[in-house]
Amino acid sequence: MSAANRFLDLILSADWPRPSGAQVATIRMSLHGSLAYTGVGHGSDRAVILGLMGERPDSVDPDRMDAIVAEVERTGRITPPGHPGYAFRPKDDLIFDKKNPLPGHANGMTFSAYDRDDRLLLKRIYYSVGGGFVVTDTELEQMRASKAKAGDKKVPFPFASAKQMLEMAERSGMTIAQMKRANEEATMSREELDAGLDRIWGAMKSCIDRGLKNEGIMPGGLKVRRRARSIHDKLQEEWRSNKANPLLANDWLSVYAMAVNEENAAGGRVVTSPTNGAAGVVPATIRYYLHFHEDADQDGIRDYLLTAAAVGGIIKHNASISGAEVGCQGEVGSASAMAAAGLAAVMGGTPEQVENAAEIALEHHLGMTCDPIAGLVQVPCIERNALGAVKAVTAASLALKGDGVHFVPLDACIETMRQTGVDMNEKYKETSTGGLAVNVVEC
């Protein structure tokens, strides 16, 4: 659920002190920190408008998004289902506030509701903390306060680190996917979990397919052309002709990742895995698994996703998956580690080999900055996902060639990423004020 969705639900609820007879007439919102710097390029303004129209991230129709946004811009009103409708003029009521960052997180936003006399009735601060999670300022404080107690969670295998995960796997004789499944089934049935995993892969697959079909120039002004379809057509021609290509697997892997991130750059629907900017790595690696491994099946995809989620959760708990906090090492680096772990698992890796695969992938993204040109998730983001997927497959292959014993533990690599993010200059953390973002002349 987006911040806009949550604010709309709050307006209709009784969870705020509404003055007698007061009615909401106007909604305004402001983006702060990294969201203010890269909001237009990342499509945050469009996302806010769609959310205020009642659209949900997991169900919005990509083909209707442009029309919905255009209608709000034309009328100056939002009409979410179940609401009377409110004034909202994007040019005036959606503010990119670069001067006043919010204290809780680099990705902050404020929503406010006013009556007909322009008196403030309701105000809430939300933070986008990565992975599609949106929390209030109060919830963020509670999350941080309870972080140290994560091991007390009432699940069968409450691992908060890779070390704990491996120890529990050894004691139980279970795989990482089996332990993660047991944890998830503590709150839902097996059928519900499998249906949810299948929905995730279904959305990922649809995004790949859509990205392989679409052509043209991506929005934003850089005039970057979509390439996934043309590359895909060439690869299909090579495949049919049996032409020798020693890089064939890498080429397919790359085009799948590019297809997803071209969709993301164009404002399409993607799965945050673990973020939108890194959304191509995990689905590309699953598609690679289906394409090149004869024993691949739906159960394998589920185990892949469960394993990847276990590793992603450890990274998020002990460091960050947010580019605004730690740079792109936390986005594509984390995605590559998750993908490497998932692939190693479904290719028969032991828990130790899976952990090794994740560490190899993450280690070789350490220090990576987030410096998107013009704030758009196009350059270097699209190709960076392709290379993140290639690294994931290579990491899984290397790990499977060994016995799981390796020099740098995954936990040490995650802590190194956290420390590197703390030391990293803010201009390299998704603000588009350093790196490629200032050294490449916009045309």
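For this chain, numbers begin at 1 and follow the sequence in order.
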message: Using 30° and 60° as the class boundaries, would you call the ring planes of W252 and W239 parallel, tilted or perpendicular?
response: perpendicular
message: Is the ring pair H293/Y289 parallel, tilted or perpendicular, if the boundaries are 30 and 60 degrees?
response: tilted
Are more than 12 heavy atoms from other residues, nucleotides or ligands located less than 6.0 Å from atom [atom1] of [X]?
| X | atom1 | result |
| --- | --- | --- |
| E383 | CD | no |
| Y86 | OH | yes |
| R116 | CZ | no |
| F133 | CZ | no |
| Y37 | OH | no |

Report yes if the side chains of [X] and [Y] come closer than 4.5 Å at any heavy-atom pair, otherwise no.
| X | Y | value |
| --- | --- | --- |
| P90 | V72 | yes |
| M417 | I315 | yes |
| I321 | E331 | no |
| R269 | C207 | no |

Could you grab the distance from atom [atom1] of [X] to atom [atom2] of [Y], nearest 0.5 Å is fine?
| X | Y | atom1 | atom2 | value |
| --- | --- | --- | --- | --- |
| D297 | R302 | CG | CZ | 9.0 Å |
| L52 | L8 | CG | CG | 5.5 Å |
| T175 | R181 | OG1 | CZ | 9.5 Å |
| I27 | L94 | CD1 | CG | 11.5 Å |
| R124 | T138 | CZ | OG1 | 7.5 Å |
| I414 | K316 | CD1 | NZ | 14.0 Å |

Between the side chain of [X] and the main-chain N/O of [Y], is any donor-acceptor distance below 3.5 Å?
| X | Y | result |
| --- | --- | --- |
| H42 | G375 | yes |
| K429 | G421 | yes |
| S336 | G333 | no |
| S13 | I11 | no |
| D371 | L436 | yes |
| K391 | H364 | yes |
| E192 | S189 | yes |
| S334 | G330 | yes |
| N385 | C381 | yes |
| E263 | G268 | no |

Lys/Arg N to Asp/Glu carboxylate O, [X] vs [Y], below 4.0 Å:
| X | Y | answer |
| --- | --- | --- |
| R210 | D63 | yes |
| R89 | D92 | yes |
| D209 | K213 | no |
| R229 | E262 | no |
| E215 | R226 | no |
| K234 | E238 | no |
| D115 | R18 | no |
| E71 | R64 | no |

Testing the 3.5 Å rule here: is there a donor-acceptor pair between the side chains of [X] and [Y]?
| X | Y | result |
| --- | --- | --- |
| D251 | S254 | no |
| T38 | E430 | no |
| H32 | S30 | yes |
| Q298 | D198 | yes |
| T431 | T433 | yes |

- prompt: Does NZ or CZ of R287 come closer than 6.0 Å to the centre of the six-membered ring of Y256, within 45° of the ring's axis?
  reply: yes
- request: Cation-pi check, R28 to Y114: give yes when NZ or CZ is under 6.0 Å from the six-membered ring centre and within 45° of the ring axis, no otherwise.
  value: yes
Specify the closest pair of heavy atoms between [X] and [Y], including all atoms of both residues, with the distance to one decimal.
| X | Y | value |
| --- | --- | --- |
| G267 | R46 | O-NH2, 4.1 Å |
| N5 | R56 | OD1-CD, 3.5 Å |
| A344 | A396 | N-CB, 4.0 Å |
| A3 | F111 | CB-CE1, 3.7 Å |
| K180 | A309 | CE-CB, 4.0 Å |

